[in-house]
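Below is one structure, written out as structure tokens; the observations come after it.
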Amino acid sequence: MTDIYLYNTKTRTKGQQFTPIDDKNVRMYVCGPTVYDRAHLGNARPVIVFDVLNRLLRHVYGDKHVTYVRNFTDVDDKINARAAESGRSIGDITDETIQWFLDDMGAVGAIEPDHMPRATAYIAPMVAMIEDLIAKGHAYAAEGHVLFSVSSYAEYGALSGRSVDDMIAGARVEVAPYKRDPMDFVLWKPSDADTPGWDSPWGRGRPGWHIECSAMAHDLLGAQFDIHGGGNDLTFPHHENEIAQSKCAGHDFANVWLHNEMLQVEGKKMSKSLGNFFTVRDLLDQGVSGEVIRLVMLSTHYRKPMDWTETKRKEAEKTLSDWMSVLQKHGYSAKTVEILKAAGDWAADAELMGVLGNDLNTPGALARLHVLSKGRTAEALAPFAHGLETLGLVSDWSAAEASASDGDDLEDWIAPVIDRLLVERSTARADKNWGEADRLRDLLNAAGVQVTDIAGEASWAQGPDFDPSVLEALK
RNA sequence: GGCGAGUUGGUAGAGUGGUUAUGCAGCGGAUUGCAAAUCCGCGUACACGAGUUCGAUUCUCGUACUCGCCUCCA
């Protein structure tokens with residue numbers, strides 16, 4: 001049994017071993033995207049981080065004993081704005097964006113959560129929760145709005161380590177005439193005729209952002225659950241407000257709070273103004289595989305800022321290529337894995353799982369994978385292969401087998417040309433005509449073709465700079 | 001201004017109160033006609049100052065610098 005230790009934002013320690021409320025149903029809620037556009041690279045980080053945790057929990061407690069919920073926020077002013085400027089319906093935009101998100105996150109190896117609730121499908125529970133908060137004196141209606149009264153919850157600020165006084169003193173908070181206190185936040189706000197809205201006791205309107213997660217988590221996971229995750233920019237105000245609402249509604253809410261650090265690009269915050277803003281889809285379209293994106297993400301601990309760089313992308317490509325070569329060399333395929341499973345050789349490496357269980361130390365786990373990859377037999381490599389699967393770097397062994405073999409996507413003429421040159425080179429070598437042999441090899445190298453001689457037999461593979469146009473003249 | 005995180009060898013990046021991180025790059029060797037690939041080996045690090053300690057990169061305090069959040073950007 002792998003022990004799990006998680007750094008809890010609430011207590012700011014990872015001292016205590018993680019113990020689920022019910023080990024037959026370990027429950028985790030992670031804040032999902034607002035669906036109005038393609039997910040940028042930063043969006044992928046929490047998805048991958050919590051996907052690793054999801055996989056770890058399933059490994060430890062069993063696939064059937066984990067419930068993972070990640071929502072879609074499909075009602076939001078950004079969505080409304082997008083609809084207005086494009087002339088498309090909100091439903092079209094959110095449906096399309098949700099599918100994009102699932103496609104892109106699937107490409108980086110994320111398993112879909114058990115539940116992916118859309119906020120608009122949970123309006124009734126939200127209204128009920130707001131009514132309850134009003135009845136209990138924690139919220140009030142004013143001018144069509146319903147606001148949460150921060151002063152009614154003494155522990156407000158405990159998660160993020162802020163006091164209400166400090167925040168009011170230094171920060172810019174929206175002051176509105178209908179607010180009793182500047183820190184009070186919106187649970188419900190009125191909608192005009194052009195804005196999506198639902199009937200409610202306070203008139204036609206729509207929910208505030210924070211109440212969505214509180215209501216959906218309660219509906220799907222119950223009044224108390226194990227883990228709540230998200231990016232650390234959500235710690236305040238979003239998660240602070242979720243806690244306030246849920247606790248005041250009488251829910252115990254989440255035991256452990258996890259927050260991943262932000263992503264940067266080449267040392268700078270990714271932003272449109274700096275021109276270093278790009279989406280997951282942009283990378284995929286450029287030919288960067290989802291596995292490469294995932295490997296780069298895993299190479300930095302989730303609680304540290306992670307820097308996406310070209311250098312890391314290249315290193316990850318090389319690492320994955322090396323690892324796939326190792327597996328290919330030992331004949332790994334779906335069938336191999338089946339045989340290993342049947343023989344009882346398909347098991348997790350305890351050390352790897354231990355490292356992973358120590359607050360999701362994915363860089364440590366990757367280091368362990370490097371060590372495990374030195375295995376000399378298919379059996380000895382089983383923990384390595386198993387580890388790759390656990391980290392989500394290989395999902396389909398038959399696909400891994402195919403992608404490791406050469407020449408799949410090449411135009412028909414290329415392989416024969418290369419093979420012909422290699423035969424000519426072999427002849428030259430047999431004649432000890434080293435000048436000619438080296439000329440042919442240089443030619444292939446110039447095209448980015450890597451020539452490998454093992455036991456006198458020459459073979460080739462596409463290198464990172466593979467460029468078949470150099471071979472055109474030799475057709 | 002408030003809150004928080006970080007500063008490790010050429011580089012990326014873990015970790016630890018005394019003992020090898022690991023990858024990439026580099027160097028040496030094996031191998032090779034020479035290379036490549038592969039394998040083996042090597043190197044050196046813990047921002048600065050003070051304190052605690054037999055001993056600190058690891059704990060405590062301070063300093064400097066970097067970064068994030070406080071604005072419905074994950």
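Reminder, nothing fancy here: chain letters follow the sequence lines and each chain counts from 1. Scope of the values below: all heavy atoms of this structure, side chains included, with no hydrogens, waters or symmetry mates. This is a predicted model, so every value here is computed, not measured.
Taking atom P on both nucleotides, G62(B) is separated from G6(B) by 15 Å, rounded to a whole Å. Comparing the C1' positions of A12(B) and G49(B) gives a spacing of 29 Å, expressed to the nearest Å. Across the P atoms, U16(B) and U11(B) are found 23 Å apart, a figure rounded to whole Å. Rounded to whole Å, the C1' atom of G9(B) lies 13 Å from the corresponding atom of U22(B). Nucleotides A50(B) and U44(B) place their P atoms 25 Å apart, quoted to the nearest Å. When the C1' atom is compared between A21(B) and U57(B), the two are found 14 Å apart, to the nearest whole Å. Comparing the same atom, C1', in G41(B) and in U52(B) gives a spacing of 40 Å after rounding to whole Å. Taking atom P on both nucleotides, U71(B) is separated from C54(B) by 49 Å, rounded to a whole Å.
You'll find the ring centres of Trp202(A) and His145(A) outside the 6.0 Å limit. Two rings, from Phe277(A) and His40(A), have their centers less than 6.0 Å apart. His138(A) and Tyr153(A) have their aromatic ring centers separated by at least 6.0 angstrom. Ring centroids of Phe384(A) and Trp323(A) are separated by less than 6.0 Å, placing the two rings close together.
Asn445(A) comes within 4.0 angstrom of no nucleic acid atom, judged by non-hydrogen atoms across all strands. If you check every strand for non-hydrogen atoms under 4.0 Å, Lys314(A) touches nothing. Residue Thr452(A) is classed as a base contact, given a heavy-atom separation below 4.0 Å to a base. Looking at heavy-atom distances under 4.0 Å, Arg313(A) makes no contact with the nucleic acid at all. Nucleic acid contact class of Gly42(A) (heavy atoms, under 4.0 Å, all strands): base. Lys432(A) comes within 4.0 angstrom of nothing in the nucleic acid, heavy atoms only. Residue-level contact check: His238(A) touches neither bases nor backbone, having no heavy atom under 4.0 Å from any strand. Across all strands, Leu263(A) comes closer than 4.0 Å to base atoms (heavy-atom distances). If you check every strand for non-hydrogen atoms under 4.0 Å, Arg368(A) touches nothing. In this structure, Lys374(A) reaches the sugar-phosphate backbone alone: every heavy-atom distance under 4.0 Å involves primed, P, OP1 or OP2 atoms, never a base. Residue contacts for Asp453(A): at a heavy-atom cut-off of 4.0 Å it reaches a base atom on one of the strands shown.
Side-chain proximity of Lys269(A) to C69(B), G33(B), A74(B): nearest is C69(B). With distances taken from any side-chain atom of His40(A) to the nucleotides G15(B), C73(B), A35(B), the minimum falls on C73(B). Of the candidates A25(B), A14(B), G68(B), the closest approach to any side-chain atom of Lys318(A) belongs to A25(B). Nearest to the side chain of Gln264(A), among G33(B), G23(B), G68(B), sits G68(B). When the nucleotides A14(B), A74(B), C69(B) are ranked by their closest atom to the side chain of Thr300(A), A14(B) comes out on top. The side chain of Lys78(A) lies closest to C73(B) when the candidates are C73(B), C70(B), U7(B). When the nucleotides G33(B), A74(B), G13(B) are ranked by their closest atom to the side chain of Arg425(A), G33(B) comes out on top. Which of C34(B), A74(B), C70(B) sits closest to the side chain of Phe236(A) comes down to C70(B).
Checked by distance alone, Asp233(A) brings no side-chain donor or acceptor within 3.5 Å of a matching partner on the base of G68(B). In this model, a side-chain donor or acceptor of Arg441(A) finds a partner on the base of A35(B) within 3.5 Å.
The salt bridge (Lys or Arg N to Asp or Glu O under 4.0 Å) test with Arg206(A) is passed by exactly one of Asp76(A), Asp74(A), Asp77(A): Asp77(A). Put simply, the residue from His228(A), His115(A), His239(A) that forms a ring pair (Phe, Tyr, Trp, His ring centres under 6.0 Å) with Tyr29(A) is His228(A).
More than 12 heavy atoms of other residues, nucleotides or ligands lie within 6.0 Å of CD in Glu424(A), so this atom counts as buried by the packing criterion. Residue-environment remark: CD (Glu96(A)) exceeds the threshold of 12 foreign heavy atoms within 6.0 Å.
In this model, the phosphate group of A14(B) is approached by a side-chain N or O of Lys304(A) to a distance below 4.0 Å at OP1 or OP2. Phosphate contact (OP1/OP2 of A74(B), side-chain N/O of Asn232(A), threshold under 4.0 Å): absent.
The existence of a salt bridge linking Arg439(A) and Glu436(A) is confirmed by a sub-4.0 Å separation between a basic side-chain nitrogen and an acidic carboxylate oxygen.
If you take CG of Asn433(A) and P of C34(B), they are 16 Å apart, rounded to a whole angstrom. Atom CZ of Phe72(A) and atom C1' of A74(B) are 14 Å apart (whole Å). Between Met183(A) atom CE and C3(B) atom C1' there is a gap of 12 Å when expressed in whole angstrom units. One atom, OH of Tyr36(A), and another, C1' of A74(B), lie 10 Å apart when rounded to the nearest Å. One interatomic measurement links the two molecules: NE2 of His259(A) to P of C70(B), which rounds to 13 Å at whole-angstrom precision. Atom-to-atom, CD of Glu315(A) to P of A25(B) comes out at 8 Å; the value is rounded to the nearest Å. In this structure, Trp209(A) places its CH2 atom 12 Å from P of U71(B), rounding to the nearest Å. We find that CG of Leu187(A) is positioned 13 Å from C1' of C72(B), with the value rounded to whole Å.
When both distances must be under 3.5 Å, the Watson-Crick or G-U wobble mate of U66(B) is A5(B). With both pairing distances under 3.5 Å, A35(B) is matched to nothing as a Watson-Crick or G-U wobble pair. A 3.5 Å limit on both hydrogen-bonding distances identifies C61(B) as the Watson-Crick or G-U partner of G49(B). When both distances must be under 3.5 Å, the Watson-Crick or G-U wobble mate of U20(B) does not exist. The partner of C27(B) is G41(B), by the rule that a Watson-Crick or G-U pair needs both atom distances under 3.5 Å.
Comparing Lys189(A) and Thr319(A) along RNA chain B, the residue whose closest nucleotide (by nearest heavy atom) sits nearer the 5' end is Thr319(A). Residue whose closest nucleotide on RNA chain B sits further toward the 5' end, between Gly208(A) and His370(A): His370(A).
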